[in-house]
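Note on naming: letters A, B, ... go to the chains in the order of the sequence lines (proteins, then strands), and numbering restarts at 1 for each one. Note that these values count all heavy atoms, side chains included, but never hydrogens, waters or copies made by symmetry.
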Amino acid sequence: GPHLMRVTDHHKMRSLVRFALEFLVTNPARPLVLHTMPNSRGNIITESDQGEPRTRIAREKCTTSVAKLISVVEIIKREFPKALRSHSSDATAGDGGGTSLSSESFNLHQYNEIGCKEDLFPLAEEESNEDRAERIRMLLE
Amino acid sequence: TPYMKITLSREPIPALA
């Protein structure tokens, strides 16, 4: 299945790119999903932001992490052929080099999705409302 | 909060196209 990779504004671009290239070169059948969604705790605000208005901070952090995500993806696409060629010549060392790779295998396919965090859990909210209605109904019984 | 998701793949993914 796909590998999920979260990009935040405090991640180092160089380590993100290095990991992504290594993953895509060594896992030819697995897609890599880079995203800026908050982690499971929903916390994209760091301790150093205390005292700032939360919504403004969240919006600014989102803007910088989206910009970083796009830059990281551009670098990955640019560096991928080089990384693949180098990996391939390592694998066939002493065998005349990696001449068997076709040119299209150097291209990465890219699929973009833009959404809103609030859109992610509409069902969970409905369920919790139903759960509360059910609790009230049982209390009344 | 808006988010962005970019999938990179060596093989085409018709479901995402």
Do A/F106 and A/L21 belong to the same hydrophobic cluster, where Ile, Leu, Val, Met, Phe, Trp and Tyr are linked whenever their side-chain heavy atoms lie under 4.5 Å apart, directly or via other members?
-> yes
Check for a donor-acceptor pair, side chain of B/R10 on one end and backbone N or O of A/L24 on the other, with a separation under 3.5 Å.
-> yes
Any donor-acceptor N/O pair, A/R30 side chain to B/S9 backbone, under 3.5 Å = no
Would A/I114 and B/Y3 count as a side-chain contact (heavy atoms from CB on, under 4.5 Å) if you check the C-alpha gap in whole Å, the side-chain angles of each, and the deciding distance to 0.1 Å?
-> CA-CA 6 Å; A/I114 295 171; B/Y3 71 86; over 6 Å; no
Below 4.5 Å, heavy atoms only, C-beta onward: do B/I6 and A/V33 meet side chain to side chain?
-> no
Where does A/I76 contact chain B at under 4.5 Å (heavy atoms): side chain, backbone, both or neither?
-> side chain
Does any non-hydrogen side-chain atom of B/P2 lie less than 4.5 Å from one of A/V66?
-> no
How far does OH of A/Y111 sit from OG1 of B/T7, to the nearest 0.5 angstrom?
-> 9.0 Å
Is B/I13 linked to A/L32 within one hydrophobic cluster, defined over Ile, Leu, Val, Met, Phe, Trp and Tyr using a side-chain heavy-atom separation of less than 4.5 Å?
-> no
Of all heavy-atom pairs between A/P28 and B/E11, which one has the smallest distance, and what is that distance?
-> O-CG, 4.2 Å
Decide yes or no on side-chain contact (heavy atoms from CB on, under 4.5 Å) for B/K5 and A/M37, but give the supporting numbers first.
-> CA-CA 8 Å; B/K5 198 160 118 176; A/M37 289 184 280; 3.7 Å; yes
Take B/L8 and A/K77 through the side-chain contact (heavy atoms from CB on, under 4.5 Å) test and state the conclusion after the steps.
-> CA-CA 9 Å; B/L8 289 175; A/K77 286 193 293 179; 4.2 Å; yes
